[in-house]
Amino acid sequence: MAFVEYHVSLEQANANLFNVTCKISDPKERTLNLSLPAWIPGSYLIRDFAKNIVHISATENSIDVPLTKIDKDSWSIKTTKNPIEVNYQIYARDQSVRAAYLDQYRGFFNGTSLFLKVKELETDNHDVIINKPKWLSRSSDWRVATAMHAKRIKADGFGTYTSPNYDSLIEHPFEIGDFKKTTFKVKNVPHEIVVTGVDNVDLERLRRDIKKIVETQSDFWGEFPIDRYTFLVNAVTDGYGGLEHTHSTALICSTKDLPTK
(Lines give C-alpha, C1' and ligand atoms only; values in the text may rest on other atoms or scores of the structure.)
Protein backbone atom coordinates (compact mmCIF):
# COMPACT_ATOMS: atom_id res chain seq x y z
CA MET A 1 0.00 0.00 0.00
CA ALA A 2 1.22 3.47 -0.84
CA PHE A 3 2.02 5.90 1.91
CA VAL A 4 3.46 9.36 2.45
CA GLU A 5 6.33 9.93 4.87
CA TYR A 6 7.50 13.30 6.21
CA HIS A 7 10.98 13.71 7.69
CA VAL A 8 11.16 16.85 9.85
CA SER A 9 14.61 18.27 10.57
CA LEU A 10 15.38 20.92 13.23
CA GLU A 11 19.02 21.37 12.20
CA GLN A 12 18.50 25.00 11.10
CA ALA A 13 16.66 26.13 14.20
CA ASN A 14 19.03 29.11 14.51
CA ALA A 15 17.61 30.36 11.18
CA ASN A 16 13.99 29.58 12.14
CA LEU A 17 13.79 26.97 9.38
CA PHE A 18 12.12 23.57 9.37
CA ASN A 19 13.60 21.32 6.70
CA VAL A 20 11.04 18.79 5.49
CA THR A 21 11.42 15.85 3.14
CA CYS A 22 8.16 14.38 1.84
CA LYS A 23 8.76 10.82 0.60
CA ILE A 24 6.13 9.27 -1.66
CA SER A 25 6.84 5.57 -1.76
CA ASP A 26 4.57 4.39 -4.56
CA PRO A 27 2.93 7.08 -6.67
CA LYS A 28 -0.36 5.85 -8.07
CA GLU A 29 -0.55 8.34 -10.90
CA ARG A 30 1.68 9.79 -13.60
CA THR A 31 0.90 13.25 -12.26
CA LEU A 32 0.95 14.14 -8.56
CA ASN A 33 -0.73 17.29 -7.28
CA LEU A 34 0.72 18.79 -4.11
CA SER A 35 -0.59 21.67 -2.03
CA LEU A 36 -0.27 23.31 1.36
CA PRO A 37 -3.53 24.33 3.06
CA ALA A 38 -4.44 28.01 3.02
CA TRP A 39 -6.31 27.72 6.34
CA ILE A 40 -6.32 25.56 9.47
CA PRO A 41 -9.38 23.78 10.91
CA GLY A 42 -10.74 25.75 13.85
CA SER A 43 -9.44 29.09 12.61
CA TYR A 44 -11.55 29.98 9.61
CA LEU A 45 -9.55 32.70 7.89
CA ILE A 46 -7.23 32.47 4.91
CA ARG A 47 -3.71 32.17 6.32
CA ASP A 48 -1.67 31.42 3.16
CA PHE A 49 0.78 29.09 4.91
CA ALA A 50 2.57 28.45 1.60
CA LYS A 51 4.03 31.95 1.79
CA ASN A 52 6.49 30.54 4.35
CA ILE A 53 8.01 28.03 1.91
CA VAL A 54 11.41 29.51 1.07
CA HIS A 55 12.67 26.63 -1.08
CA ILE A 56 11.13 23.56 -2.72
CA SER A 57 12.50 20.91 -5.09
CA ALA A 58 11.80 17.31 -6.08
CA THR A 59 13.69 14.19 -7.15
CA GLU A 60 12.70 10.81 -8.63
CA ASN A 61 15.20 8.04 -7.98
CA SER A 62 17.64 10.80 -6.91
CA ILE A 63 17.27 12.60 -10.25
CA ASP A 64 15.90 16.16 -10.22
CA VAL A 65 12.39 16.49 -11.60
CA PRO A 66 10.56 19.76 -12.28
CA LEU A 67 7.83 21.07 -10.03
CA THR A 68 5.19 23.04 -11.90
CA LYS A 69 3.59 25.76 -9.81
CA ILE A 70 -0.16 25.84 -10.38
CA ASP A 71 -1.09 28.67 -8.05
CA LYS A 72 0.15 30.30 -4.84
CA ASP A 73 0.01 27.07 -2.79
CA SER A 74 -0.14 24.20 -5.33
CA TRP A 75 2.37 22.29 -7.48
CA SER A 76 2.31 19.31 -9.84
CA ILE A 77 4.95 16.68 -10.62
CA LYS A 78 5.16 14.39 -13.64
CA THR A 79 6.35 10.93 -12.55
CA THR A 80 7.17 7.52 -13.98
CA LYS A 81 5.56 6.01 -10.86
CA ASN A 82 8.89 5.64 -9.11
CA PRO A 83 9.47 6.90 -5.53
CA ILE A 84 9.45 10.69 -5.23
CA GLU A 85 11.11 12.97 -2.68
CA VAL A 86 10.06 16.58 -2.24
CA ASN A 87 12.43 18.72 -0.19
CA TYR A 88 11.40 22.10 1.16
CA GLN A 89 12.12 24.66 3.85
CA ILE A 90 9.53 26.37 6.02
CA TYR A 91 10.27 29.70 7.68
CA ALA A 92 8.79 29.37 11.17
CA ARG A 93 8.57 32.54 13.23
CA ASP A 94 4.88 32.63 14.23
CA GLN A 95 4.28 31.98 17.95
CA SER A 96 0.50 31.73 17.56
CA VAL A 97 -1.39 28.45 18.03
CA ARG A 98 -2.25 28.22 14.32
CA ALA A 99 1.12 28.18 12.57
CA ALA A 100 4.74 27.09 13.17
CA TYR A 101 7.68 28.31 15.25
CA LEU A 102 11.29 27.16 15.61
CA ASP A 103 14.42 28.48 17.30
CA GLN A 104 17.17 27.09 19.56
CA TYR A 105 14.81 27.07 22.54
CA ARG A 106 11.54 25.67 21.25
CA GLY A 107 9.76 24.14 18.29
CA PHE A 108 6.02 24.03 17.53
CA PHE A 109 4.01 23.31 14.42
CA ASN A 110 0.63 22.43 13.03
CA GLY A 111 0.50 20.03 10.12
CA THR A 112 -1.14 22.64 7.92
CA SER A 113 2.08 24.66 8.10
CA LEU A 114 4.51 21.82 7.35
CA PHE A 115 2.90 18.94 5.50
CA LEU A 116 2.22 19.13 1.78
CA LYS A 117 -0.91 17.26 0.78
CA VAL A 118 -0.56 14.77 -2.05
CA LYS A 119 -4.05 14.85 -3.53
CA GLU A 120 -3.82 11.40 -5.10
CA LEU A 121 -2.74 9.82 -1.79
CA GLU A 122 -4.61 11.83 0.84
CA THR A 123 -6.59 8.80 2.05
CA ASP A 124 -3.46 6.64 2.51
CA ASN A 125 -1.25 6.27 5.56
CA HIS A 126 0.94 9.24 6.54
CA ASP A 127 3.99 8.94 8.79
CA VAL A 128 5.91 11.75 10.49
CA ILE A 129 9.53 11.29 11.56
CA ILE A 130 10.85 13.92 13.96
CA ASN A 131 14.63 13.77 13.92
CA LYS A 132 16.57 14.88 17.00
CA PRO A 133 18.96 17.65 15.89
CA LYS A 134 22.69 16.99 16.12
CA TRP A 135 23.32 20.34 17.80
CA LEU A 136 21.46 19.25 20.94
CA SER A 137 23.80 18.11 23.70
CA ARG A 138 23.59 14.55 25.02
CA SER A 139 22.23 15.92 28.30
CA SER A 140 19.49 17.97 26.60
CA ASP A 141 16.01 17.75 28.12
CA TRP A 142 14.26 18.33 24.78
CA ARG A 143 11.25 16.10 24.20
CA VAL A 144 8.39 15.77 21.73
CA ALA A 145 4.71 16.06 22.70
CA THR A 146 1.70 15.36 20.47
CA ALA A 147 -1.54 13.40 20.49
CA MET A 148 -0.67 11.73 17.18
CA HIS A 149 -0.29 7.96 17.50
CA ALA A 150 3.29 6.88 18.12
CA LYS A 151 4.59 4.23 15.75
CA ARG A 152 8.22 3.92 16.79
CA ILE A 153 9.59 6.52 19.20
CA LYS A 154 12.25 6.84 21.90
CA ALA A 155 11.64 7.77 25.53
CA ASP A 156 12.05 11.46 24.66
CA GLY A 157 9.41 11.25 21.93
CA PHE A 158 11.72 11.64 18.94
CA GLY A 159 10.92 9.11 16.24
CA THR A 160 8.00 8.07 14.05
CA TYR A 161 4.30 8.95 14.39
CA THR A 162 1.48 7.83 12.15
CA SER A 163 -1.96 8.90 10.89
CA PRO A 164 -4.41 6.95 8.71
CA ASN A 165 -4.98 9.82 6.25
CA TYR A 166 -4.14 13.46 5.57
CA ASP A 167 -7.15 14.88 7.41
CA SER A 168 -6.07 13.09 10.59
CA LEU A 169 -2.46 14.12 10.04
CA ILE A 170 -3.18 17.85 10.24
CA GLU A 171 -5.27 17.47 13.41
CA HIS A 172 -2.24 16.89 15.68
CA PRO A 173 0.05 19.82 16.55
CA PHE A 174 3.56 19.10 17.89
CA GLU A 175 5.45 20.76 20.76
CA ILE A 176 9.22 20.17 20.85
CA GLY A 177 11.59 21.43 23.53
CA ASP A 178 12.33 21.46 27.25
CA PHE A 179 8.81 21.48 28.64
CA LYS A 180 7.08 20.44 31.85
CA LYS A 181 4.56 17.60 31.72
CA THR A 182 1.99 15.97 33.96
CA THR A 183 -0.70 13.36 33.31
CA PHE A 184 -4.03 12.15 34.62
CA LYS A 185 -6.89 9.86 33.61
CA VAL A 186 -10.62 10.45 33.44
CA LYS A 187 -12.85 7.43 32.76
CA ASN A 188 -9.62 5.58 32.00
CA VAL A 189 -8.77 8.01 29.16
CA PRO A 190 -5.17 9.30 29.47
CA HIS A 191 -4.63 13.07 29.41
CA GLU A 192 -1.37 15.01 29.18
CA ILE A 193 -0.65 18.61 30.14
CA VAL A 194 2.48 20.04 28.52
CA VAL A 195 3.70 23.48 29.61
CA THR A 196 6.40 25.50 27.85
CA GLY A 197 7.84 28.86 28.89
CA VAL A 198 7.69 28.75 32.70
CA ASP A 199 9.97 26.73 34.98
CA ASN A 200 8.19 27.13 38.31
CA VAL A 201 4.69 26.12 37.23
CA ASP A 202 2.74 24.24 39.91
CA LEU A 203 2.02 21.13 37.88
CA GLU A 204 0.17 19.38 40.68
CA ARG A 205 -2.35 22.19 41.07
CA LEU A 206 -2.72 22.51 37.31
CA ARG A 207 -3.29 18.77 37.00
CA ARG A 208 -5.85 18.78 39.81
CA ASP A 209 -7.78 21.78 38.44
CA ILE A 210 -7.90 20.63 34.82
CA LYS A 211 -8.83 17.09 35.83
CA LYS A 212 -11.83 18.47 37.74
CA ILE A 213 -12.92 20.44 34.66
CA VAL A 214 -12.60 17.39 32.41
CA GLU A 215 -14.50 15.20 34.89
CA THR A 216 -17.32 17.74 35.10
CA GLN A 217 -17.61 17.98 31.33
CA SER A 218 -17.55 14.22 30.79
CA ASP A 219 -20.24 13.75 33.45
CA PHE A 220 -22.37 16.48 31.89
CA TRP A 221 -22.26 15.01 28.39
CA GLY A 222 -22.39 11.42 29.58
CA GLU A 223 -19.78 10.15 27.13
CA PHE A 224 -16.09 10.37 26.30
CA PRO A 225 -15.64 9.68 22.55
CA ILE A 226 -11.82 9.82 22.56
CA ASP A 227 -9.02 7.51 23.69
CA ARG A 228 -6.43 10.20 24.59
CA TYR A 229 -6.07 13.96 24.93
CA THR A 230 -3.18 16.44 25.16
CA PHE A 231 -3.13 20.07 26.33
CA LEU A 232 -0.20 21.98 24.78
CA VAL A 233 0.32 25.20 26.76
CA ASN A 234 2.77 27.91 25.69
CA ALA A 235 3.27 30.53 28.41
CA VAL A 236 4.36 33.95 27.14
CA THR A 237 4.86 37.40 28.65
CA ASP A 238 1.49 38.63 27.49
CA GLY A 239 -0.97 36.71 25.36
CA TYR A 240 -3.91 34.34 25.21
CA GLY A 241 -5.72 32.07 22.78
CA GLY A 242 -6.42 28.50 21.84
CA LEU A 243 -7.14 26.17 18.95
CA GLU A 244 -9.01 22.92 19.53
CA HIS A 245 -8.37 19.67 17.71
CA THR A 246 -9.85 16.17 17.85
CA HIS A 247 -7.41 14.84 20.46
CA SER A 248 -5.58 17.94 21.68
CA THR A 249 -5.68 21.67 22.06
CA ALA A 250 -2.93 24.24 21.57
CA LEU A 251 -3.07 27.10 24.08
CA ILE A 252 -1.26 30.38 24.72
CA CYS A 253 -1.48 32.13 28.06
CA SER A 254 0.38 34.71 30.09
CA THR A 255 2.94 33.37 32.55
CA LYS A 256 1.14 35.24 35.32
CA ASP A 257 -2.04 33.27 34.60
CA LEU A 258 -0.46 29.93 35.57
CA PRO A 259 -0.18 28.69 39.16
CA THR A 260 3.42 28.72 40.34
CA LYS A 261 5.25 27.13 43.25
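Keep in mind that the numbers below use all heavy atoms, side chains included, and drop hydrogens, waters and symmetry copies. Numbers here are sequence positions counted from 1.
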What pairs with [X] under salt bridge (Lys or Arg N to Asp or Glu O under 4.0 Å), at least two apart in sequence or on another chain?
X    : value
R98  : none
D219 : K187
R93  : none

If we only count heavy atoms from C-beta on, is the [X] to [Y] side-chain gap below 4.5 Å?
X    : Y    : value
D156 : K132 : yes
S62  : T59  : no
N61  : P83  : yes
V4   : Y6   : yes

Is there a path of hydrophobic side-chain contacts, each under 4.5 Å between heavy atoms of I/L/V/M/F/W/Y residues, joining [Y] to [X]?
X    : Y    : answer
I70  : V118 : no
Y166 : I84  : yes
L243 : L251 : no
V144 : V195 : no
V201 : I193 : yes

Remaining members of the apolar cluster that contains I63, side-chain heavy atoms under 4.5 Å: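 The other cluster members (ILVMFWY side chains, heavy atoms under 4.5 Å, direct or chained): none.
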Under 4.5 Å between side-chain heavy atoms, chaining through other members, with only Ile, Leu, Val, Met, Phe, Trp and Tyr counted: pull out the rest of the cluster around V194, sorted by chain and number.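 ILVMFWY cluster around V194 also holds F108, F179, L232.
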Under 3.5 Å, is there a donor-acceptor pair linking the side chains of [X] and [Y]?
X    : Y    : answer
N19  : Q12  : yes
D127 : T160 : no
E60  : T80  : yes
S254 : K256 : yes
T112 : N110 : no

Apply side chain to side chain donor-acceptor pair (under 3.5 Å) to K180 and list each qualifying residue two or more places apart in sequence or on a separate chain.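 Here no residue qualifies.
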Given the rule in the side chain to side chain contact (heavy atoms under 4.5 Å, CB included) test, do H191 and V186 qualify, once you have shown the distances and angles that lead to the verdict? CA-CA 8 Å; H191 289 66; V186 173; 4.3 Å; yes
Salt bridge check: are K212 and E215 linked by an N-O gap of less than 4.0 Å?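 Salt bridge: no.
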Enter the distance from [X]:[atom1] to [Y]:[atom2] here, rounded to the nearest 0.5 Å.
X    : Y    : atom1 : atom2 : answer
I129 : K151 : CD1   : NZ    : 7.5 Å
L32  : K117 : CG    : NZ    : 13.5 Å
S163 : F115 : OG    : CZ    : 8.5 Å
I176 : T196 : CD1   : OG1   : 10.5 Å
I53  : L116 : CD1   : CG    : 5.5 Å
K261 : D199 : NZ    : CG    : 10.0 Å

[X]: partners by ring-ring contact (aromatic ring centres under 6.0 Å, His included), with sequence neighbours left out:
X    : answer
Y229 : F231
H245 : none
H149 : none
F174 : F109, Y161

Under the side chain to side chain contact (heavy atoms under 4.5 Å, CB included) rule, what do M148 and L169 come out as? Steps first, then yes or no, please. CA-CA 8 Å; M148 189 180 292; L169 176 79; 3.8 Å; yes
Greater than 12 external heavy atoms within 6.0 Å of [X]'s [atom1]:
X    : atom1 : result
R208 : CZ    : yes
N82  : CG    : yes
K51  : NZ    : yes

So which heavy atom on [X] is nearest to which on [Y], and how close?
X    : Y    : value
G242 : V97  : C-CG2, 3.9 Å
A58  : I77  : CB-CD1, 4.0 Å
F224 : V189 : CD1-CG2, 4.2 Å
L102 : N16  : O-ND2, 2.7 Å
I24  : L121 : CG2-CD1, 3.3 Å
A147 : H172 : C-ND1, 3.7 Å

Taking it one step at a time, do D202 and T260 satisfy side-chain hydrogen bond (donor to acceptor under 3.5 Å, both in side chains)? CA-CA 5 Å; D202 188 340; T260 54; over 6 Å; no
Just checking H7 against F158, ring centres under 6.0 Å apart?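 No, the ring centres sit 6.0 Å or more apart.
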Could you walk me through whether K134 and E11 satisfy the salt bridge (Lys or Arg N to Asp or Glu O under 4.0 Å) test, starting with their C-alpha distance in whole Å, then the side-chain angles of each, then the deciding distance to 0.1 Å, before giving a yes or no? CA-CA 7 Å; K134 296 177 182 177; E11 293 298 342; 5.8 Å; no
Is [X] reaching over with its side chain to a backbone N or O of [Y], donor-acceptor style, under 3.5 angstrom?
X    : Y    : answer
D71  : S74  : yes
S140 : L136 : no
T146 : P173 : yes

side-chain hydrogen bond (donor to acceptor under 3.5 Å, both in side chains) partner of N33, the single match among K119, E120, E122: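 Between N33 and the candidates, side-chain hydrogen bond (donor to acceptor under 3.5 Å, both in side chains) is satisfied uniquely by E120.
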Taking only residues at least two apart or on different chains, which pairs with a member in residues 43-97 satisfy ring pair (Phe, Tyr, Trp, His ring centres under 6.0 Å)?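 Qualifying pairs, neighbours excluded: W39-Y44.
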The test is side chain to side chain contact (heavy atoms under 4.5 Å, CB included); show your working for E29 and K81 and say whether it passes. CA-CA 7 Å; E29 306 291 342; K81 297 189 178 181; 5.7 Å; no
For residues 159-176, pull every pair meeting salt bridge (charged side-chain N to carboxylate O under 4.0 Å, His left out), keeping only residues two or more places apart or in separate chains.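 Salt bridge (charged side-chain N to carboxylate O under 4.0 Å, His left out) check on residues 159-176 returns R106-E175.
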Could you walk me through whether L10 and F18 satisfy the side chain to side chain contact (heavy atoms under 4.5 Å, CB included) test, starting with their C-alpha distance in whole Å, then the side-chain angles of each, then the deciding distance to 0.1 Å, before giving a yes or no? CA-CA 6 Å; L10 315 178; F18 282 105; 3.5 Å; yes
